[in-house]
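To start, the structure under review is shown below, and the notes come after it.
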Amino acid sequence: AGFAAASGGGGGVTSDSAYNTIGGTDAGNSLPDAYYNTLFGYRTGYSFATAFGSGASGNTLIGYQTGDSITTGDNNSLVGRNAGQAITTADYNVGMGEGALYSVTTGEKNVGFGSWSNWQVTTGNRNSALGYWAGKTLTTGSENVNLGYDAQPSSATASNECTIGAANGSTGQITKFRIPAVSFEI
């Protein structure tokens, strides 16, 4: 694909014949065989693979150093400073907020909405977090749902759990659980 105008320079917005659109200093530093990427911000997509045929494709990365380490990961959507910064080969991750999915390397199909959500997940798959710091202690567990400010799984390696509300000792703990439509309350 080749992006001489955008790599290592002072920014600007460019597009190429491989349907890549790039804006920002060192964004998409090397894109020899990458397609359908949208990269905006300093060093977004900086590490895309340089070997022909191994480029990352279908990524949308917006923010300072967002997706900075992606080499061959495809179809990741990341918005926010340092979101998904450690992703290397992972596919189909969605992160929005500063540091969302920050530590993911090879974990796939993770979702983090909120600053630092699913922050320490590295190789875990199919984890969803909604809220500031939600799922921040999870590392290798899979198929977890953490909803609310500081909602955390029972352990860093937990799998198949659903946690609603802040961790013990945190502000904002849930004191009542209710589903009004079915008159259910605890």
Side-chain angles (χ1 to χ4, degrees), residues 3 6-8 11-14 19-31 34-49 55-153 156 163 166-167:
F3 254 101
S7 70
V13 177
T14 59
Y19 312 103
N20 295 298
T21 301
I22 296 185
T25 302
D26 289 335
N29 190 45
S30 50
L31 292 171
Y35 295 87
Y36 314 109
N37 294 290
T38 302
L39 313 173
F40 284 97
Y42 175 78
R43 287 184 61 118
T44 57
Y46 181 81
S47 299
F48 278 18
S57 294
N59 294 290
T60 300
L61 312 175
I62 301 172
Y64 175 86
Q65 293 186 330
T66 299
D68 181 64
S69 299
I70 294 175
T71 54
T72 60
D74 296 328
N75 302 303
N76 295 291
S77 296
L78 305 165
V79 178
R81 183 172 70 98
N82 296 319
Q85 188 175 17
I87 292 175
T88 54
T89 59
D91 301 325
Y92 300 102
N93 290 291
V94 178
M96 184 167 186
E98 179 185 12
L101 304 179
Y102 180 87
S103 301
V104 172
T105 54
T106 59
E108 299 193 343
K109 300 175 182 89
N110 293 292
V111 176
F113 277 91
S115 293
W116 305 106
S117 56
N118 276 340
W119 171 41
Q120 295 184 68
V121 172
T122 55
T123 58
N125 299 302
R126 298 172 302 280
N127 295 294
S128 297
L130 174 65
Y132 185 83
W133 281 347
K136 74 174 180 187
T137 61
L138 187 65
T139 58
T140 58
S142 293
E143 299 180 357
N144 294 290
V145 176
N146 295 290
L147 300 175
Y149 169 82
D150 201 21
Q152 303 304 322
T163 303

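Of all heavy-atom pairs between Ala129 and Ala134, the closest is CB-O, 3.4 Å. Nearest heavy atoms, Gly28 versus Ile22: CA-CD1, 3.9 Å. Between Thr66 and Val79, the shortest heavy-atom contact is CG2-N, 4.5 Å. Considering all non-hydrogen atoms of both residues, Asn76 and Tyr92 come closest at OD1-N, 3.4 Å.
Side chain of Asn37 to main chain of Asn59: a donor-acceptor pair is present (N/O by atom type, distance under 3.5 Å, no hydrogens or angles). Using modelled atom types, one side-chain atom of Asn20 and one backbone atom of Ala34 make a donor-acceptor pair closer than 3.5 Å. In terms of modelled atom types and a separation under 3.5 Å, the side chain of Thr139 and the main chain of Ala156 share a donor-acceptor contact. In this structure, the side chain of Ser69 does not engage the main chain of Ala86 through any donor-acceptor pair within 3.5 Å.
Exactly one of Asn29, Leu61, Asp68 qualifies for a side chain to side chain contact (heavy atoms under 4.5 Å, CB included) with Arg43. That residue is Asp68.
Applying the side chain to side chain donor-acceptor pair (under 3.5 Å) test to residues at least two apart or on different chains, the pairs with a partner in residues 78-89 are Gln65-Gln85, Arg81-Glu98, Gln85-Tyr102. Note on residues 107-119: pairs passing side chain to side chain donor-acceptor pair (under 3.5 Å), not counting sequence neighbours, are Asn93-Asn110, Asn110-Asn127.
Between Tyr19 and Tyr36, the distance from one ring center to the other falls under 6.0 angstrom.
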